[in-house]
Amino acid sequence: MQRIPVKEVLSTDPSGQQITVMGWVRSFRSNRFIALNDGSCLGNLQVVVDFEQFDEALLKRVTVGAALSVSGSLVPSQGSGQRQELQCSSIEILGDCDPGVYPLQPKKHSLEFLRQIAHLRFRTNTFGAIFRIRHQIAFAIHEFFHNRGFYYMHSPIITASDAEGAGEMFRVTTLDLHNPPRTENGQPDFSQDFFGRSAHLTVSGQLEGELAALALSKIYTFGPTFRAENSNTPRHLAEFWMIEPEVAFADLNSNMDLAEGLLKFVIGKILSVCEEDLKFLHDREVEEEKTKPQNERSEMNLLERLRFCVDHDFVRLSYTEAIDILRNSNPNKKGKFQFPVEKWGTDLQSEHERYLVEKHFKKPVILTDYPKEIKAFYMRQNEDGKTVAAMDILFPGIGEIVGGSQREERLELLERRMEEMHIPAEEMYWYLDTRRFGSCPHAGFGLGFERLVLFITGMNNIRDVIPFPRFPGNAEF
RNA sequence: GCCUCUUUAGCUCAGUUGGUUAGAGCGUCGGACUGUUAAUCCGCAGGUCCUUGGUUCGAGCCCAAGAAGAGGCGCCA
């Protein structure tokens with residue numbers, strides 16, 4: 001008999017039909033009720049066992065975590081917790097699970113503990129929900145762009161370009177580390193390396209994305225990126241996934257519209273498609289909030305935050321306006337900020353961003369037109385000569401979730417800026433060629449995929465929304 | 001990289017001023033239980049108190065160094 005996913009069974013009207021279901025035991029209660037989960041959805045199928053019909057030795061092997069194939073008839077449940085249940089006529093143990101050594105017990109586990117057994121944490125309700133939602137978010141992102149005429153472009157993962165300056169890079173090499181070939185001055189000779197030159201893992205697909213956008217008009221990348229920064233926070237990973245759309249004939253305003261539209265579409269989609277998993281994470285967060293002191297509890301719960309994002313326009317304001325607000329804010333006047341806001345031109349600290357998003361506006365904020373000194377070389381210079389057409393989207397609890405800009409399409413201005421920032425123009429000939437041959441206004445942004453998953457699932461640590469997190473000192477599994 | 005905190009049973013934690021035999025809940029295991037919903041009831045077992053060194057008659061507790069984890073900051077997405 002063919003296996004039917006639990007998700008399908010749970011949406012079937014029970015009428016005594018014979019079915020086979022395979023999954024893993026979540027609990028075995030009263031020597032009678034097996035809760036069987038196959039990961040197709042959050043819910044378990046209740047399998048009812050009449051122990052007189054089964055060998056006692058077989059039932060002893062029905063332990064938490066064991067893989068079973070069960071067959072029987074699907075009938076309306078007599079209990080109140082579920083619509084249907086499987087009256088079991090046969091049980092086959094596909095894989096035993098020794099409860100004495102199996103780390104997952106039918107009890108609460110801390111996220112820190114589960115992180116240490118990340119290879120098994122998929123089997124918990126929480127991580128099942130997170131990774132089902134993660135899939136749906138990825139799918140919704142592709143759907144959004146595809147429906148709007150964007151082409152999915154695969155930017156390279158290994159790159160010889162290290163000019164973008166988005167962060168420290170991981171080197172890719174096949175040279176013998178103990179005895180590399182040397183140049184005259186004693187440095188490793190990368191001309192003898194695999195690619196005939198120094199190579200690294202990409203920190204961003206943006207520059208290559210621009211090349212494609214200046215021919216295909218609308219492209220997006222969605223792939224892994226790597227940063228060898230020694231970042232130890234709940235918002236950073238050394239390996240993370242990034243979505244980077246790039247649009248020709250677009251300015252900063254349409255760039256903001258695109259980013260806001262994308263976030264609203266994806267969040268809205270998840271609200272409708274992942275109702276059950278979201279509700280579970282929502283309730284989980286509500287329970288967790290109860291353990292916190294009153295003043296640390298968030299004003300909105302998870303579902304409220306998500307709906308709020310979909311229903312309200314993001315606040316758009318310039319860096320200059322933000323500085324004014326911050327300068328005149330109560331915490332600044334009362335010296336509550338660790339870094340007081342004084343002069344125009346300094347970068348905002350995360351405490352300032354949090355104040356704007358969580359206290360002042362209480363909604364997502366798009367900050368625009370930053371001082372050129374604190375932004376990347378490729379951002380388009382504004383008429384004031386001081387700022388660039390940049391935009392960052394700040395989310396409550398997450399901080400920067402999107403960073404983007406209109407790109408500098410004017411060759412002379414771009415070359416001058418690169419010179420000022422000591423970026424070798426000759427190595428970037430291929431990038432500058434776009435400005436030499438049919439340059440046009442264009443814009444794009446980078447969206448941190450895991451930060452979006454973090455926001456939508458309501459989790460607090462980015463290491464809990466990617467299956468196998470990579471961060472300083474850790475590449476387990 | 002910097003700052004703060006944490007590390008005691010499989011898990012989550014308590015452990016008084018440094019004092020003799022280190023506790024609880026949950027889980028496991030054994031037993032009872034045929035309508036349970038992370039069932040319930042009874043019982044047993046389970047410890048390198050993170051590691052190393054030091055102070056002391058005596059250290060889970062004090063000191064030093066190291067390791068691991070968490071939070072904050074910086075870098076950013």
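Order of the sequence lines sets the chain letters (A, B, ...), proteins ahead of strands, with each chain counted from 1.
Inspection of the A/S405 and A/R407 side chains reveals an N or O donor paired with an N or O acceptor under 3.5 Å. Side-chain atoms of A/W241 and A/T225 form no donor-acceptor pair, as typed in the model, at a separation below 3.5 Å. Using modelled atom types and a 3.5 Å distance limit, the side chains of A/Q82 and A/S77 yield a donor-acceptor pair. Side-chain contact check for A/D257 and A/S254: no donor-acceptor pair (N or O, by modelled atom type) lies under 3.5 Å.
Both A/G473 and A/V64 lie near RNA chain B, and the one whose nearest nucleotide falls closer to the 5' end is A/V64. Nearer to the 5' terminus of RNA chain B, by closest-nucleotide assignment, is the contact made by A/P103 (compared with the other of A/P99 and A/P103).
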Any chance you could encode RNA chain B as dot-bracket? Rule is Watson-Crick or G-U wobble with both distances under 3.5 Å; [ ] for pairs crossing earlier ones, | for another strand. (((((((..((((.....[...))))..((((.......))))......(((((..]....))))))))))))....
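Rounded to whole Å, the distance from CZ on A/F51 to P on B/G35 is 10 Å. Atoms CE (A/M169) and P (B/A77) sit 14 Å apart, rounded to a whole Å. To the nearest angstrom, C1' of B/G35 lies 10 Å from CD of A/Q87. For the pair A/L114 CG and B/U12 C1', the computed distance is 12 Å after rounding to whole Å. At whole-Å resolution of the value, CD in A/E229 and C1' in B/C2 are 15 Å apart. Counting to the nearest Å, the P atom of B/C50 and the CD atom of A/Q116 are 15 Å from each other. What separates CZ of A/R26 from P of B/U37 is a distance of 18 Å, to the nearest Å. If you measure from atom CZ of A/R235 to atom C1' of B/A77, you get 11 Å, rounded to the nearest angstrom.
Proximity of A/R29 to the phosphate of B/U36: no side-chain N or O atom is located under 4.0 Å from OP1 or OP2. Of the side-chain N and O atoms in A/S27, one or more sit less than 4.0 angstrom from OP1 or OP2 of B/A39. Residue A/N232 has no polar side-chain atom (N or O) positioned under 4.0 Å from OP1 or OP2 of B/G69. Checking the phosphate oxygens (OP1, OP2) of B/A39, no side-chain nitrogen or oxygen of A/R32 falls inside 4.0 Å.
No donor-acceptor contact under 3.5 Å links the side chain of A/E112 to the base of B/G69. The base of B/U34 is paired with the side chain of A/D50 by a donor and an acceptor separated by under 3.5 Å. A donor-acceptor contact under 3.5 angstrom links the side-chain atoms of A/Q82 to the base of B/U36.
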I'd like to know whether A/H142 forms a ring-ring contact (aromatic ring centres under 6.0 Å, His included) with A/Y220, so could you lay out the CA-CA distance, the side-chain angles of the two residues, the decisive distance to 0.1 Å, and finally the verdict. CA-CA 9 Å; A/H142 284 298; A/Y220 69 104; 5.6 Å; yes
Applying ring-ring contact (aromatic ring centres under 6.0 Å, His included), run through A/H135 and A/F131 and close with a yes or a no. CA-CA 6 Å; A/H135 159 79; A/F131 292 123; over 10 Å; no
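Figure legend: A/R451 and A/F395 shown without cation-pi pairing, the cationic atom not lying both under 6.0 angstrom from the six-membered ring centre and within 45 degrees of its axis. Geometric assessment of A/R148 against the ring of A/F265 yields a positive cation-pi assignment under the 6.0 Å and 45° thresholds.
Spacing between B/G60 and B/G23 at atom C1', rounded to whole Å, works out to 12 Å. Nucleotides B/U52 and B/G31 have their P atoms positioned 40 Å apart, rounded to a whole Å. The same atom, P, is picked in B/C2 and in B/C57; the two are 38 Å apart, to the nearest Å. Only the C1' atoms considered, B/U6 is 37 Å distant from B/C42, to the nearest whole Å. Look at the P atom in both B/U4 and B/C41: the space between them is 46 Å, to the nearest Å. On the C1' atoms, B/A45 is 13 Å away from B/G27, given to the nearest whole Å.
Side chain of A/E52, nearest nucleotide from B/U34, B/G72, B/C11: B/U34. The side chain of A/S30 lies closest to B/U36 when the candidates are B/G72, B/G27, B/U36. Counting only heavy atoms from C-beta on, A/S80 has its side chain closest to B/U37 among B/G1, B/C11, B/U37. Side chain of A/H109, nearest nucleotide from B/C11, B/A70, B/U34: B/C11. Residue A/K107 places its side chain closer to B/G10 than to any other of B/G10, B/A70, B/U37.
With centroids closer than 5.5 Å and planes inclined by less than 30 degrees as the test, A/F240 and the base of B/A77 pass as a stacked pair.
Among the protein residues, A/G100 comes within range of the sugar-phosphate backbone only, with heavy atoms under 4.0 Å from sugar or phosphate atoms but none that close to a base.
Listed by residue number, A/Q349, A/S350, A/R354 are the residues of residues 331-356 of chain A with a heavy-atom contact under 4.0 Å to RNA chain B.
Checking side-chain atoms of A/D369 against main-chain N and O of A/T387 turns up no donor-acceptor pair under 3.5 Å.
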